[in-house]
Structures are given as structure tokens and as C-alpha cells.
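Worksheet: the structure to be examined is printed underneath.
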Amino acid sequence: MGRVTASLDDLPLRDDLRGLTPYGAPQAPLPIALNVNENTHPVPDAVASDILDDIAVAIRDVNRYPDREFTTLREGFADYLGHGLTAEQIWAGNGSNEVLQHILQAFGGPGRTAFGFAPTYSMYPLIAQGTGARWVAGTRESDYTITPEEAAEQVRAVDPDVILLCSPNNPTGTPLGLDVVQAVYDAARGVVIVDEAYQEFAPRDAASALTLLEGRPRLAVSRTMSKAFAFAGARVGYLAADPAFIDALRLVRLPYHLSALTQAAAIAALRNADVMLAMVDEIIEQRDRISATLEALGYTPHESWSNFVLFGGVRDPKTVWQQLYDQGVLIRDVGIPGHLRVTAGTEAETTAFLDALASIGSAS
Ligand SMILES: *Cc1c(COP(=O)(O)O)cnc(C)c1O
């Protein structure tokens, strides 16, 4: 190859993709990485070797395509979720981002509209636009909550084909009541997705939208193994919905989209769910410690039911972000003026973040 001279503008790119920026959370090799809401506790040794045993068996058969319907894995997710769910109500993909993409491919696409209450997960507009759908951002109260009445009114006004409700919400951590989900569903003509990526970090008695699935064929609840489950690198997300909804996703998925190795790893990890999830309480403890300490430092942490904290009162987020970076601590500037977001890590990582922040000085 000679000189690389082409830029994106020189290529016959789709008009609707021109000017867009790809998802780009920095992946810097810093000692304390608290920027993308991973579970920072490594997979326990005993579980790792159990998973490896299953992968060792699966690899002998990789000359063949894997089970296209990933039946054993779907049974595993149905068992894990409970609520009387069965395998035919379960779907999965390489991360819940792929599951969301399947939804947007099946129910979004050119001429259609996807909707969510901003600020919310930054991938929603990108996945929607990737299928040619239009993204419309609704609004929240100043504390990022939404009332059922206000939510229903916005949904009726926009009349979207796909509605994405993030519960609890990323990047704010805000809980979302089931009354809002119900009101949105009743007001909507399109499909309603409740993204429960962080559900395991919510209070134990907080009801999941899974309890609303019965009798609501346009409702789907998505989950991921990337957060509480400490499995982000394996790329496994899943969803529960009416079997007809699952059939719609089958129309757009690529055949054999979940590799035999992914299926083997996820099945083995699910079998060890109790050990994989053992650190959740410890992470919640660190999250609450972050909120309390930030408040003492004069910042304004927002209520969080997730494994991260969004905090306001940051006079110059870019500078504070850089000063933390220079001390080896990576957090996230999510683009909300006066705010930064930090993931709750191990006790030591959390201490490193809090100490570094305190060394920078207190809030504005
Ligand atoms: C992290 C996250 C996901 C998970 O994405 P994966 O593709 O499963 O890793 C989904 N939704 C939200 C809101 C998230 O923050």
C-alpha cells in the first residue's frame, strides 16, 4: 500500500452517517480505570478454571457451526431471571448492545423513530442511527427523574416506533419506577425496551420490569453480563420478551451470531452466578461511600441505583478529569456541564479516586 490519502469525506458513505462520531470512551492503560462501569473485581480463580474446562470441550467441535438457537444458554438465562420465564422468551447477543441493535434493525430502520429520555445511554442514538432510524431525545426533570404523566405525554407527542428506557439510567444512576414503564407502554404504539443493565445494583426489593412482561407483547427487558456479572470482555447480553418479539429478532440476526466459545463461557459463568455476583454488595458499599465522600467535599452526587455515581458541582470538568488522569485515575466526562461520572471500584481503587480528587481541592 502506498500513502493513505483518503478521508471519510472522500468515501461514498451513507448521507445519514456523515458527521457522526463513533462511540469513544478512552481506553487508556491507567492503574485505576473507573470510566466504563465494569465490575473491577477479576473473575475468581475457581470460576475461571471451571469456564476454561467448558471452553476446552467446546473448542474440539469448532469445526462445526454452533447451536444457532443457543438453547442451553437461553435456558440458563431463563433460570437466572426467574419470574417463571422460559427459554422461548429469551434472546441473547454479543453484549446487550448487539441485542439492542437487533431490536432497532427489526423495529427501527429508515423512516422510523427511536426515543429516549435524555441524558441517557450514549449508544442509543448511535445504534438507532446505524439502522437509519431517527433519534428523538425527550427530557427529564432537573434531578433526572421522570413522572409517569410527563413521560406518557412526551411519548404521545413523538409517537416513536422504539422507546428505550434505561433503568436505572446511565449516566445519571436515576431509578425508574415501574409506574413510568406502564404509563409509557400504555401511551405507546411502538415497542418499549427497559434496559436493566444495572439492575443487580438496585435495592434487593426493587421490582424489575420483568414483572410487567405478562400481557404486554410490545415490552422487552434487556440485561447484560458486562456489569454486575464481571464478564464485560466476554460480550454477552440478553433479553426477555414475548416469544413473538423474539421471533422478530431472529429475522435480523446473523446466523450463528453467538460463537460456540461464547456460549460455553456464558453457560459456565451462569452456573457460577452466585460466586460471580458475590462482589455486588461490596461494590454497592463503595458506591455509597463515594456519594457520601463527594458530598463532604462539596460536590453534588446524584442518587444512584447502579455501580457508578454522577456528581455535579465540578467547575471545570475537563481540567478535573485531566488532573485525575495525571494521577493515574480514569473516570468519565459524559458531557453534562459541571458533572463527571465515576464507577465504584474495589475499596482500594475507590480510595485512590477519592484521595486523588481531594488532593485537587474541593468543589466549586
Ligand atoms: C454498559 C451498558 C450496557 C451493556 O452493554 P454490553 O454491550 O452488554 O456490554 C447496556 N446498556 C447500558 C445502559 C449500559 O450502561
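Atoms within a ligand are numbered from 1 in the order they appear, just like the ligands themselves.
Aromatic ring centres of Y121 and Y124: separated by under 6.0 Å.
At a heavy-atom cutoff of 4.0 Å, ligand 1 is surrounded by G95, S96, N97, Y121, C166, N170, D195, A197, Y198, T224, S226, K227, R235.
Contact check for E347 versus R289: side-chain heavy atoms found under the 4.5 Å cut-off.
Judged by distance alone, the side chains of N169 and R140 do bring a donor and an acceptor atom under 3.5 Å apart. Between the side chains of D67 and T71, at least one donor N or O lies within less than 3.5 Å of an accepting N or O. Under the 3.5 Å distance criterion, with hydrogens and angles disregarded, no donor-acceptor pair is assigned to the side chains of N97 and Q101.
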**Request:** Any chance you could lay out the side-chain hydrogen bond (donor to acceptor under 3.5 Å, both in side chains) test for N35 and R341, step after step, and finish with the verdict?
**Result:** CA-CA 7 Å; N35 64 328; R341 190 194 71 188; over 6 Å; no
